[in-house]
Amino acid sequence: MTIHLSENFKRLRRDYDLTQEQAAEIFGVSPQAVSRWECGASCPDITLLPIIADYFNVSMEELLGVGEARKNQQIAEILESFQDAINHGRVYDCIRIARAGVHDFPNNYALWNKLMYALFISADSSANIPEWKDNQEKYSEEIIDIGNKIL
């Protein structure tokens, strides 16, 4: 599992509009220590982690980036399920899977792209879907809206 402490600390420090020197003073360390944390050369002492998380009002999991790894794994599983459904010609399952994915991860453009693709396929005359014409009418606006969102 990858720990993303350096990137997360740097992002949080900047979000709080703190210089490295100010962060160092707040956490009782040297500015060089903060610099090493941010470049990934070292990590804060384990006893300091809860204090840092509390100061930035985030969970320890978020500070360490463990949640990010879990999120990426979940997205990969959704994409794998989507691919399995498309490989077996189950377009409506693809739509369902992609809709659930964008519901859970609304900022993931790969999932939005898969949803748009599945909607498009369901409305394509060459996809061997009997109700393709109804789907074309039903999904055309949504396909355009998703395309605009992705752009």
Side-chain angles (χ1 to χ4, degrees), residues 1-20 22-23 26-27 34-44 46 48-151:
M1 178 182 318
T2 305
I3 304 287
H4 300 279
L5 175 65
S6 59
E7 301 97 17
N8 291 339
F9 182 87
K10 186 175 190 174
R11 177 185 47 80
L12 289 165
R13 178 184 61 77
R14 287 180 173 170
D15 287 350
Y16 276 67
D17 211 20
L18 298 173
T19 64
Q20 286 184 343
Q22 290 169 325
I26 290 166
F27 300 119
V34 171
S35 176
R36 287 192 304 271
W37 298 347
E38 290 185 2
C39 71
S42 70
C43 292
I46 195 164
L48 200 50
L49 292 175
I51 296 166
I52 294 169
D54 186 54
Y55 180 85
F56 289 125
N57 199 29
V58 296
S59 68
M60 290 280 291
E61 199 172 72
E62 186 178 346
L63 177 64
L64 296 173
V66 176
E68 188 70 22
R70 186 174 300 129
K71 179 183 93 168
N72 290 340
Q73 177 61 35
Q74 290 172 324
I75 290 169
E77 289 170 4
I78 293 167
L79 292 171
E80 187 176 316
S81 295
F82 180 93
Q83 192 60 48
D84 182 60
I86 205 76
N87 289 345
H88 291 92
R90 299 188 322 260
V91 176
Y92 293 114
D93 285 346
C94 291
I95 294 170
R96 180 187 50 76
I97 291 165
R99 282 193 195 285
V102 298
H103 177 267
D104 292 343
F105 303 100
N107 296 321
N108 186 283
Y109 290 102
L111 293 172
W112 280 107
N113 187 43
K114 293 297 184 185
L115 176 57
M116 185 172 68
Y117 175 73
L119 293 171
F120 179 81
I121 292 296
S122 75
D124 185 17
S125 62
S126 64
N128 295 325
I129 297 174
E131 58 276 357
W132 71 269
K133 202 162 195 70
D134 293 337
N135 288 344
Q136 197 173 54
E137 198 172 302
K138 183 177 175 182
Y139 296 133
S140 63
E141 267 188 58
E142 186 176 3
I143 292 167
I144 292 168
D145 289 343
I146 294 170
N148 287 329
K149 180 180 183 71
I150 290 171
L151 291 174

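Atoms considered below: every heavy atom in the structure, side chains included; atoms not considered: hydrogens, waters and symmetry mates.
A salt bridge links D15 with R11: the distance from a Lys NZ or Arg NE/NH1/NH2 to an Asp or Glu carboxylate oxygen falls below 4.0 Å. We find that K138 and E131 are not joined by a salt bridge, their nearest charged nitrogen and carboxylate oxygen being 4.0 Å or further apart.
The local environment of CD in E80 is sparse, with at most 12 non-hydrogen atoms from other residues, nucleotides or ligands closer than 6.0 Å. Summarising the local packing, CZ of F105 is surrounded by more than 12 heavy atoms from other residues, nucleotides or ligands at distances under 6.0 Å. Within a 6.0 Å sphere centred on CG of D17, other residues, nucleotides and ligands contribute 12 heavy atoms or fewer.
F56 and L18 make their closest contact through CE2-CD1, 4.1 Å (heavy atoms, listed as atom of the first residue, atom of the second, distance). When all heavy atoms of V91 and A118 are compared, the closest pair comes out as CG1-O, 3.6 Å. Annotation for W112 and P106: closest pair NE1-O, 2.8 Å, computed over non-hydrogen atoms. Closest heavy-atom contact between N108 and A110: OD1-N, 3.1 Å.
A distance of 14.0 Å separates CZ of R36 from OG of S6, quoted to the nearest 0.5 Å. Y109 contributes atom OH, which lies 10.0 Å from atom CG of L151 (distance to the nearest 0.5 angstrom). Interatomic distance, L49 CG to L5 CG, rounded to the nearest 0.5 Å: 6.5 Å. Distance check, rounded to the nearest 0.5 Å: CD1 of I129 to CD of Q136 gives 11.5 Å. In this structure, OG on S122 lies 6.5 Å from CD1 on I143, to the nearest 0.5 angstrom. Summarising the geometry, atom CD1 belonging to I144 is positioned 12.0 Å from atom CG belonging to L119; distances are rounded to the nearest 0.5 Å.
A donor-acceptor contact shorter than 3.5 Å links the side chain of Q22 to the backbone of T19. A side-chain donor-acceptor contact under 3.5 Å links N8 to the backbone of H4. Side-chain atoms of D93 do not come within 3.5 Å of backbone N or O of A85 as any donor-acceptor pair.
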Can you check side-chain contact (heavy atoms from CB on, under 4.5 Å) on R13 and I52, steps first, answer last? CA-CA 10 Å; R13 178 184 61 77; I52 294 169; over 6 Å; no
Start with the C-alpha distance between Q83 and K114, add both sets of side-chain angles, then the distance that settles side-chain contact (heavy atoms from CB on, under 4.5 Å), and finish with yes or no. CA-CA 9 Å; Q83 192 60 48; K114 293 297 184 185; 4.2 Å; yes
Starting from the C-alpha separation in whole Å, work towards a yes-or-no answer on side-chain contact (heavy atoms from CB on, under 4.5 Å) for I150 and M116. CA-CA 10 Å; I150 290 171; M116 185 172 68; 4.1 Å; yes
Do L63 and L12 pass the side-chain contact (heavy atoms from CB on, under 4.5 Å) test, and can you show the C-alpha distance, the side-chain angles, and the key distance before you say yes or no? CA-CA 9 Å; L63 177 64; L12 289 165; 3.9 Å; yes
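Looking at N135 and Y92, their side chains do bring a donor and an acceptor atom within 3.5 Å of each other.
Ring-plane geometry between W37 and F27 is classed as tilted, the angle between the planes lying from 30 to 60 degrees on a 0 to 90 degree scale.
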